[in-house]
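Inspection log for the structure reproduced underneath, given as structure tokens.
Proteins get letters first, then strands, A, B, ... in listed order; numbering begins at 1 in each.
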Number of protein chains: 2
Amino acid sequence: MSNRNIGIKDVAVAAGVSVTTVSHVLNEVSYARISPETRDKVRTIAEQLGYGPNRLAQALRTQRTGMLGLVSEDIATTPHAGRIILGAEEAAKARGYNLMIINTSGSASLESRQADVEALLERRVDGILYATMYHRNVELPANLGSVPSVLVDSVATGGNITAVIPDEEGGARAAVGALLEAGHTRVGFLNNTDDVPATRQRLQAFRATLTEAGLDGDAAPVESEVSEVQGGYEAARRILTREDAPTGLFCYNDRMAMGAYRAAAELGLTIPADLSVVGFDDQELIAANLHPGLTTVALPHYEMGAWATEHLIDAVEGKTDLTLMALHPTILSCPLVRRDSITAPRP
Amino acid sequence: MSNRNIGIKDVAVAAGVSVTTVSHVLNEVSYARISPETRDKVRTIAEQLGYGPNRLAQALRTQRTGMLGLVSEDIATTPHAGRIILGAEEAAKARGYNLMIINTSGSASLESRQADVEALLERRVDGILYATMYHRNVELPANLGSVPSVLVDSVATGGNITAVIPDEEGGARAAVGALLEAGHTRVGFLNNTDDVPATRQRLQAFRATLTEAGLDGDAAPVESEVSEVQGGYEAARRILTREDAPTGLFCYNDRMAMGAYRAAAELGLTIPADLSVVGFDDQELIAANLHPGLTTVALPHYEMGAWATEHLIDAVEGKTDLTLMALHPTILSCPLVRRDSITAPRP
DNA sequence: GGACGTGGGAGACAGATGAGCAACAGGAAC
DNA sequence: GTTCCTGTTGCTCATCTGTCTCCCACGTCC
């Protein structure tokens, strides 16, 4: 266990050498010429004394803190936040960095969010990850530009900042594709009413995928409600009581799918025998626990956190030029997670 | 927007005073005697230049970083982690501190967890929060003792470290009490099979509450299974098909309650008309979204995070002596969250 | 010649880093 | 065989990072 009161100086005295030498040895400075014997002695004594470096002093001198700031809009309001943080934390740890986390409200004023970034800058973080908790356009604090930064799960209104986002279209195509593949020809969509990119992109992908499969995508039934269980229930009741009720249902998210499960049960429809359902988000608490298990599309939160951190560190270390990547957001794929809610339609 | 290259020195030069004076003014040092005019000038120039303090240098000099370390076992494996982090983060921010988060695996070796704490110590955090993601006994890294620290959601095997834990017994009593209050006399319990404090305490509280209400607590039906949806389903099927099937069901957690919902549905039992159910955990994704909404007991994760942070900071600032509080863990209450899964039993 | 009002100088915090210095070896010149 | 020169090895000195803080200095007024 290292002792917080031991400095490089104490090691130097105990080893009978200068602090410079100790520093050289401990940092394995390439140009330092020090005999193997001295090196050994220094290292041994450092260990004996329980020396541990003072990262503050190091950082002050080297202008590198090895800390990354993560400003997260609404930690914990959604379980997704945790996955982003985890991805970032593990990627950071793997490269010797640590994470300083600040929570901010997505609805907070620009000034307040700017103050949060400012706090990070005062601590001289090497770079900043700015994570929003659902994919949308955000207005960023201007001072974000003072250090390398990457946007996670959203794109900036202004544009030019490196960002990672999920492949909404690909995910939606995979979801609808799974239904088509099982043989469904009457496929419906329960969409969200919020005006976010996902709403539009999933709808478009829904129609396009059907059309490309030779069905009439434009005529396919779509019902929109708030993207919660209740909304899903209501939208599902409407869509399932139409004359041309679908046998395959793509839901905007798992919560709406959960509502659809209830609507189906009330209408005497068994899943998947009478109705196949596919969700989006892979909220495990729901998707894995519904009965039958919900086939859904996973959002790559962990991967986005890790990707962003990886590239941020590359930029900090001068291995990458973020401005080049800022031209287009990086898109990470959303894999289909197969469970038991899809089967072939009744003949 | 503040400029990272401007130091106190630059402000001093621009204002035509010494760095000492600038430092005095900006920190509002009480014993400093500086004319109002000079103060104004310094402040104005600091603002113009976009001066922002270098917290690293300050920390080096003052031996205070204003950073707290939060080592969290398994961020994001459970949504609870987020609430603890949020509680800690908001409490910290309110008092001018920031959080440095390190994720560690609960199953990781003691050495690896010690290394995580070590990383925090090297950065000279003022204190450490050690959060586990479910209430149990943990073996702590020894170096935790080097700075003030507080344990969140568990107690140490060794004992003497300040800790906050949820009031398992009170929560269980509230849950069972809600059933009794509604008039139920045949009450059952779906328990967990893990050997954790919660398992024993909730069971004991269950029996005691019944007995105190004049019922035969020792004879009340209890079925144990793994604390997941499937386990809840199986345990519920067993308990509901007994001769003395209960009309009120207390479930170890919301996931098991979710399983109980399905079992009830299959057995033709309507909730709450035929069967009243109460859960534990208040996992909103489940509890609020089941139909009918699940009455359950909330775990005070946010509150524990906030409490721990608050008291940790008090200790750091010398306002509290943590060793005094270490004698007994602090217990935070688990409030009952009423939804729609409880009603009076059929006459 | 104190008291008061204003302000500055010089470490110290813990470590990083380039320039420089002493000691010694080997080779060449005398 | 001694002296001079050049290289190498092994290590140290001085200075720097940005800020705080104790202590001192200077002038003026009574």
Side-chain angles (χ1 to χ4, degrees), chain A residues 2-43 45-46 49-67 121-126, chain B residues 2-43 45-46 49-67 96 121-126 146:
Chain A
S2 87
N3 187 326
R4 297 296 119 222
N5 306 318
I6 300 295
I8 203 183
K9 196 184 306 178
D10 305 285
V11 177
V13 172
V17 297
S18 72
V19 294
T20 304
T21 302
V22 176
S23 176
H24 283 339
V25 172
L26 264 24
N27 293 310
E28 300 183 10
V29 174
S30 60
Y31 57 79
R33 296 171 312 224
I34 297 166
S35 69
E37 296 79 46
T38 307
R39 287 176 190 275
D40 270 5
K41 183 162 54 168
V42 168
R43 277 195 260 263
I45 302 223
L49 263 42
Y51 168 78
N54 183 328
R55 301 274 248 133
L56 291 177
Q58 287 185 165
L60 182 60
R61 183 66 232 262
T62 62
Q63 308 285 26
R64 274 289 171 76
T65 54
M67 298 195 310
L121 293 176
E122 286 182 357
R123 294 200 182 276
R124 298 302 188 275
V125 293
D126 292 335
Chain B
S2 88
N3 187 327
R4 295 299 120 217
N5 305 318
I6 300 295
I8 203 185
K9 195 185 307 179
D10 305 286
V11 176
V13 172
V17 298
S18 72
V19 295
T20 304
T21 303
V22 176
S23 177
H24 284 340
V25 172
L26 264 23
N27 293 312
E28 299 182 12
V29 174
S30 61
Y31 57 81
R33 297 166 315 211
I34 295 165
S35 70
E37 296 78 48
T38 306
R39 287 177 190 275
D40 270 5
K41 182 162 55 169
V42 169
R43 277 195 260 264
I45 301 225
L49 264 42
Y51 168 78
N54 183 329
R55 301 273 249 134
L56 292 177
Q58 288 185 170
L60 182 62
R61 183 63 233 261
T62 62
Q63 308 285 31
R64 274 290 172 73
T65 54
M67 297 196 310
L121 294 176
E122 287 182 356
R123 294 199 183 277
R124 297 301 188 275
V125 292
D126 291 335
S146 348

Grab the [atom1]-[atom2] distance between [X] and [N] for me, whole Å please.
| X | N | atom1 | atom2 | answer |
| --- | --- | --- | --- | --- |
| A:Leu56 | D:dT17 | CG | C1' | 13 Å |
| B:Ile6 | D:dT17 | CD1 | C1' | 15 Å |
| A:Ile8 | C:dC13 | CD1 | C1' | 13 Å |
| B:Arg124 | C:dA14 | CZ | P | 8 Å |
| A:Arg33 | C:dT17 | CZ | P | 17 Å |
| A:Arg64 | C:dT17 | CZ | P | 11 Å |
| A:Lys9 | D:dC13 | NZ | P | 14 Å |
| A:Gln58 | D:dG18 | CD | P | 17 Å |

More 5' along DNA chain D: A:Glu37 or A:Val19, using each one's nearest nucleotide?
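It is A:Glu37, whose closest nucleotide lies nearer the 5' terminus.
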
Pairwise 5' ranking along DNA chain D for A:Gln63 and A:Thr38, keeping only the more 5' one
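With A:Gln63 and A:Thr38 compared, the 5'-side residue is A:Thr38.
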
What I want to check is whether the side chains of B:Ser18 and B:Thr21 have a donor and an acceptor closer together than 3.5 Å.
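There is such a pair between these side chains.
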
Within the structure shown, what part of the strands sits under 4.0 Å from B:Val17 by heavy-atom distance: base, sugar-phosphate, or nothing?
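Result for B:Val17 = sugar-phosphate.
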
So what does B:Ser23 touch, heavy atoms closer than 4.0 Å: a base, only the sugar-phosphate, or nothing?
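If one applies the 4.0 Å heavy-atom cut-off, B:Ser23 turns out to touch a base.
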
Keeping the roles fixed (side chain from B:Arg124, backbone from B:Leu60), state whether a donor-acceptor pair exists under 3.5 Å.
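It does not hold such a pair.
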
Is there a donor-acceptor contact under 3.5 Å from the side chain of B:Thr62 to the main chain of B:Gln58?
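Yes.
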
Counting only side-chain heavy atoms from C-beta out, which of [options] sits nearest to [X]?
| X | options | answer |
| --- | --- | --- |
| A:Thr62 | C:dT17, C:dG15, C:dG7 | C:dT17 |
| B:Tyr51 | D:dT19, D:dT9, C:dC13 | D:dT19 |
| B:His24 | C:dG20, D:dT21, D:dT12 | D:dT21 |

How about B:Leu26 and B:Tyr51: do any of their side-chain heavy atoms sit closer than 4.5 Å?
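Yes - at least one pair of side-chain heavy atoms lies under 4.5 Å apart.
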
Has [X] got a side-chain N or O lying under 4.0 Å from the OP1 or OP2 atom of [N]?
| X | N | answer |
| --- | --- | --- |
| A:Asn27 | C:dA16 | yes |
| A:Tyr31 | C:dT17 | no |
| A:Ser35 | D:dC11 | yes |

Judged by each residue's nearest nucleotide on DNA chain C, which is more toward the 5′ side, B:Leu60 or A:Thr21?
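Between the two, 5'-proximity favours B:Leu60.
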
Where each residue is assigned the nucleotide of DNA chain C containing its nearest heavy atom, which of A:Thr20 and B:Ser18 is assigned the position nearer the 5′ end?
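It is B:Ser18, whose closest nucleotide lies nearer the 5' terminus.
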
Distance from B:Ile34 atom CD1 to B:Glu28 atom CD, nearest 0.5 Å?
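Answer rounded to 0.5 Å: 11.0 Å.
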
